[in-house]
Amino acid sequence: MSNSARAPRYFTRRDFLATSTAACAVAAWPQGMAIAAATEPVLEADQLPAPAWVHDVTRMAFCGVDQFEQVSKAGVQVIHTNLIWPYYPLKRDGGGLTAQDDAALRKMVETCHGFGMKLSLGLPPFPPVSLVQEHPDWRMHPDDTGSVLSVEPREDNLGTRNPCNNGPWGDYLVEICLELVRDYGLDGFSYDGNYHAALCFCPACKAAYRAERERDLPAAAHLDDVAYREYLVWRGERLMQHYLRLKRRMRAENPDSALMSWTVNAGRYGHFLYSPRAMPAELNRVFDLPMQEWWLDETNFGASVCPAFGAAYLSAAARPNPGASEAYLMSRGNPYSADSFPKHERLTRNLLAMTNGSRAAESFGWPGHLESTAEVLAEVAKRAEWMPHAQPLSWAALLVSEQTRQFYAYRDIADRFLPHVFGTFRVGLEEHLPMSLICDWDVTPERLAEFAVLMLPNAAALSDQQVDAVRKYVEAGGGLIATAETSLCDELGRPRADFALADLFGVHYQGRPNAPLVRPELDVNFAVTVDDAYWAARVGAAQFLITDHTVFDDDKLRELIPTRVATFKGPQTAVSEPANPAEVVARFTPEGWKNGPLPAMILRQHGAGRVAYLPAALDAALWSYAYPYQRRLLKNVIDWVARTPNPIMVEAPMCVQVAPYRQRIGDNDRLVIHLMNTLNTTAQHGLPSVEVPLREETIPISGIRLQLANTEFRSFFLEPGHVPLPVSRSGAVTTVDIPRLELHAIVVGER
Ligand SMILES: [Zn+2]
């Protein structure tokens, strides 16, 4: 009965023909417009790799043509700027740009190329009034009554010409872009928008859905309705197809042209909450270089791990292509402004983004901050050599499951989804673990085999295929940590009767403590997990009791839990007792609980691998109600399940983020370890709920030590500056000492 959200990712010829046929049937195509898409196969998201030059991009800028010279002196490689709007009709049909726009665009491209920079044109994805007058049905239809058809398109109101890219407008936009690439030599495009609506009833959408899914569109955009979730998956696939068609046609015109567009997944806290989503996370793989606004004000939880996570998530979603974060100069968020913004904070933000894999995208338009823009880019340039093709070093993988966010946790993403992934990310950061974020499409046997540890932080919505990949991974020796309701639902958030991974966890699902332990008879369409009252029983205080096990055999933990009992406040899941009682190494007793303590932590062997299943979700607690023992215990559990030991042991304060990458370019093979000093000397001096990082100074940190196991790298340098680092070897362990870390540095290991 699975509609298999995964299968349609492989855009088949059949899918595609149905699509294009449907679109043709309902649309009057403009005179002379070739329906080129109909003759082309649609590709998988990763089948059109980014042009080689895109990987070398580390510095981009937003500015006007009058600043090009200044910007090129600051070392910028790519300019993003707006100039023109989509025109109608096409140039080849007698239309095209006005003489004035034509001249301005030519001059802009010529000037930009003259300074040796690429030009990515920001194209507002809105049709002109004249197009809408002729094709009023190309607009997005918010309802099924055709009411939009009577709305008069107006020059001064974009809302009156909001198009649907799932129909003829999408193909028309492709044709415009091709003419612009061909006639003006543009290097690429970005769009601020051009995603999808929550639901569209335009003729093209209706016909395509009927043709491909053999049913009508859902009546309303409501995630409680499984039919709507199925639609949302489909609409996301259609959006990816739109961009793949554009990319394929652009490449045919100019193999070096690129899509470097705005994305809406992770640059702001609000992006994580946005629902129903405006694009699938996987669209990031289609863009050659997705960019995100990146905000660290109080409304975006800038003082927490949230921004670093957001940059790391974009890198994971774009992989193997690069992604960019535009560090905003917002000192505060309500009201927001760049008032009193320290330039040291600007540098800190950019280097933090870089540590998490992001390329710099800087605006030259902040009043009073022109000089600091150039200074930031100069610092980025000093580190640029170690960015291209650097991929996170694979040891532990953290699944950020978009389908869990959207189809399981949508009623309260801030409580049901984010604490689990943020808390897990926090462990990695504070304990300096080599941790890579991965996405739903990475949960395959081939990709998982790269990792010693897989972490599924309440990854509730997993498909049968993903579950199978996880099972095979563990049976082959992989280490697994799962928390809370991981695998309780399918990929569309439909609840299963039990964990799909119950055989690995060694226990069965029994609901939530303080909620009825006997679950209602399960119906695949009864979304019990989204019932608010049921959910409310999930989070509460509990007593957390540990036993004797090697994961607790640690001086630090003895210090943090001296009585072997600790308070835990976080998501709780009730499970059965495992067949082997010794597998329960910690228990919890919820407040007001009348029965015996419940399993809190189950450690066991499965096949050749080890599994840790945590019904008491320490990961979420470490974000939303943290105690230090939770970090340390999670770290010990990660070490316990790991197939192979952590290859990079780090001695450093917890404010130092250590991000290791492997950079392979031709014969060049390097270890690239970013060290980011996130210390904020004024942290927690103000009202905690509105804390914002506005750093004016760095406290240097001495005595950082890296211990590398079995490394093939022999010499180590601190960059920028190419300072040789003291190295000593003892058996299989290579020790590298970093005498002093200022704000950010890169340890580069060479053979
Ligand atoms: Zn539509």
Side-chain angles (χ1 to χ4, degrees), residues 8 11 15-30 33 35 37-38 42 86 88 123-129 131-153 157-177 191-223 225 227-246 264 274-280 283 286:
F11 305 130
D15 263 356
F16 177 68
L17 287 175
T19 305
S20 41
T21 309
C24 296
V26 296
W29 291 83
M33 180 171 165
I35 309 168
V42 176
Y88 182 78
L123 198 58
F126 292 92
V129 168
L131 183 151
V132 179
Q133 281 167 342
E134 258 187 65
H135 301 286
D137 58 328
W138 288 15
R139 282 178 293 187
M140 205 270 289
H141 287 42
D143 57 51
D144 201 9
T145 66
S147 62
V148 70
L149 298 174
S150 58
V151 175
E152 186 198 342
N157 186 347
L158 288 177
T160 63
R161 37 196 180 101
N162 189 16
C164 176
N165 57 28
N166 203 17
W169 161 252
D171 292 296
Y172 185 82
L173 183 62
V174 171
E175 297 297 331
I176 291 181
C177 292
Y191 307 92
D192 196 356
N194 202 30
Y195 310 118
H196 62 59
L199 181 57
C200 175
F201 294 93
C202 79
C205 282
K206 285 171 76 169
Y209 202 59
R210 161 111 337 248
E212 292 185 24
R213 293 293 183 264
E214 295 172 352
R215 64 173 105 160
D216 291 332
L217 295 168
H222 203 314
L223 283 159
D225 179 11
Y228 177 69
R229 301 180 202 174
E230 291 170 331
Y231 162 81
L232 199 59
V233 170
W234 173 84
R235 186 62 187 91
E237 288 162 0
R238 294 284 302 210
L239 183 63
M240 292 201 294
Q241 289 173 0
H242 164 66
Y243 275 110
L244 281 165
R245 276 197 289 277
L246 169 60
V264 289
Y274 197 82
S275 187
R277 65 194 181 204
M279 60 169 263
L283 183 61
V286 177

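Atom set for the values below is all heavy atoms of this structure, side chains included, hydrogens, waters and symmetry mates excluded. Just so you know, ligand 1 is whichever comes first in the structure, and atom 1 is the first atom listed for that ligand.
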> Minimum heavy-atom separation for Asn166 to Cys205, with atom names?
Replying inline: ND2-SG, 3.3 Å

> Who are the side chain to side chain contact (heavy atoms under 4.5 Å, CB included) partners of Val148, not counting sequence neighbours?
Replying inline: Arg139, His141, Pro142

> Who passes side chain to side chain donor-acceptor pair (under 3.5 Å) against Asp143, sequence neighbours left out?
Replying inline: Thr145, Ser147

> Going by atom types only, do His135 and Tyr172 share a side-chain donor-acceptor pair under 3.5 Å?
Replying inline: no

> Of all heavy-atom pairs between Pro276 and Leu232, which one has the smallest distance, and what is that distance?
Replying inline: CB-CD2, 4.1 Å

>> I'd like to verify the contacts: list protein N, O or S atoms under a distance of 2.8 Å from the Zn ion (ligand 1).
In response: Cys164 SG, Cys200 SG, Cys202 SG, Cys205 SG

>> List the residues meeting ring pair (Phe, Tyr, Trp, His ring centres under 6.0 Å) with Tyr231, not counting sequence neighbours, and say none if there are none.
In response: Tyr209, Tyr228, Trp234

